[in-house]
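We're numbering straight along the sequence, starting at 1. In this text, all values refer to a predicted model and were calculated from it rather than measured experimentally.
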Amino acid sequence: MSIWSRMAAMALVVSAPAMAGAPQGQTTPPIEQSFTTFWQAAKDKPFAEQEALWDKFIEAPRQDLYQSVVWEVRNYPDWKRQKDASLKVRFDQYRSISGDIPKGVRDIDAALNVQAKRFAQYFGSSGQPRAVVVLAPHFDAKSGVMPNGDPVLALAVDSLLLEKASLDIVLPHELFHLWDAEHAGITNDGVMPDTHLLLPLYEEGLATYVSTVVSPGHTDGEYLLQNDLGALPDAKLPDSARRFLIDADVLTIDPVKHKTSDTFARWFEGGNKPYQADLPNRSGYWLGLHTIRILMRSHTLTEIASWHPAEAEKQTRAALMVLAHGE
């Protein structure tokens, strides 16, 4: 996708008026309008009725987006069970944040205008980014691919509100994922089917590094969205790099279980359950950021961002070797 022309003018698509999956001849209402209609009808209903109303007002007008990007039905055969479990929790949370959804959408729109202009200063302007605000219970922002092959950035307003997310950190990170999907062929954020763990390490580390450049002035803990990651001492890098190199060629998606591999989860997933006794969850983001800093010693940001998957994996492995030797 040549996604950045007219970036300076910033014609960002936030709540696309004709989203894929809408009935022919109709336009999709803004997501905040759909949410208000849904919640007014659903808030006092049993869960089964709530979910039916969700499907009617939230998902049906945006069917392709939800099937391909939000739930990733193709990659997760168990998606319906996971959807039911996560929506049960989220519907309870809506009781406290429902009134904040419309303003949350406006805040995302305003922040996108600012951050995309800053992003364009480093990555040029050669197209219009496709960013769509959604409601989603299991992520805050993610890149994905629509059925026609177009990359899209989905921003979950409800999750971002609950996290009290700093949009000037989150948005450059996610805008880079969207840019990279077009320019380097890395077409998914984080968990990428048919790839090895080296690629998520590179991709998440680079997106985090881009945030430090586009939106300077924050701590590593803030850029990593987790203070305990930012507090990790550099002395832990050699051993962490050596351990990751052992796991580097594991597939991100388990081809037998058809779900995220346990090894990917150990390095990249969050949650209350600790995956490694001596490292916080999501430590792959921390290690990835430091891997990119090693690569920046001998390459420019433009060069690193231009690498296609095979070259990215090769260079990431080499940088991990440097870290593993304490250099």
Q. Could you go step by step and tell me if His173 and Leu225 meet the side-chain contact (heavy atoms from CB on, under 4.5 Å) rule?
A. CA-CA 11 Å; His173 183 116; Leu225 308 179; over 6 Å; no
(Q) I'd like to know if the side chain of Gln276 reaches the main chain of Arg266, judged simply by a donor and an acceptor atom lying under 3.5 Å from each other, with no hydrogens or angles considered. (A) yes
Q: Spell out, as yes or no, whether a donor-acceptor pair under 3.5 Å connects the side chain of Tyr209 to the backbone of Gly288.
A: no
Q.
Regarding Arg293 and Asp234, does a basic nitrogen lie under 4.0 Å from an acidic carboxylate oxygen?
A. no
Q. Would you say the side-chain atoms of Gln121 and Arg118 include a donor-acceptor pair closer than 3.5 Å?
A. no
Q: Apply the test salt bridge (Lys or Arg N to Asp or Glu O under 4.0 Å) to residues Asp150 and Arg130: give CA-CA distance (whole Å), side-chain angles for both, the deciding distance (0.1 Å), then the verdict.
A: CA-CA 9 Å; Asp150 286 345; Arg130 182 180 174 86; 5.9 Å; no
Q) What is the minimum heavy-atom distance between Leu199 and Ala312, and which atoms define it? A) CD1-CB, 4.1 Å
Pair up each side-chain donor or acceptor in residues 163-171 with any protein partner under 3.5 Å, not counting sequence neighbours, and list the distances.
residue, atom, partner, partner atom, Å
Ser166, OG, Asp168, OD1, 2.4
Asp168, OD2, His218, NE2, 3.0

Q. Can you list every ring-ring contact (aromatic ring centres under 6.0 Å, His included) pair that touches residues 80-106, not counting sequence neighbours?
A. Phe35-Tyr94, Phe38-Phe91, Trp39-Tyr94, Phe47-Phe91, Trp54-Phe91
Q. Salt bridge (Lys or Arg N to Asp or Glu O under 4.0 Å) between Lys88 and Asp92: does it pass, once the steps are laid out?
A. CA-CA 7 Å; Lys88 282 182 181 179; Asp92 285 340; over 6 Å; no
Q: Calculate, to the nearest 0.5 Å, the distance between atoms CD and OG belonging to Glu174 and Ser211 respectively.
A: 8.5 Å
Q. Which of parallel (below 30°), tilted (30 to 60°) and perpendicular (above 60°) describes Trp286 and His290?
A. perpendicular
Q: Would you mind checking if Lys103 and Asp107 are paired as a salt bridge, meaning a charged N to carboxylate O distance below 4.0 Å?
A: yes
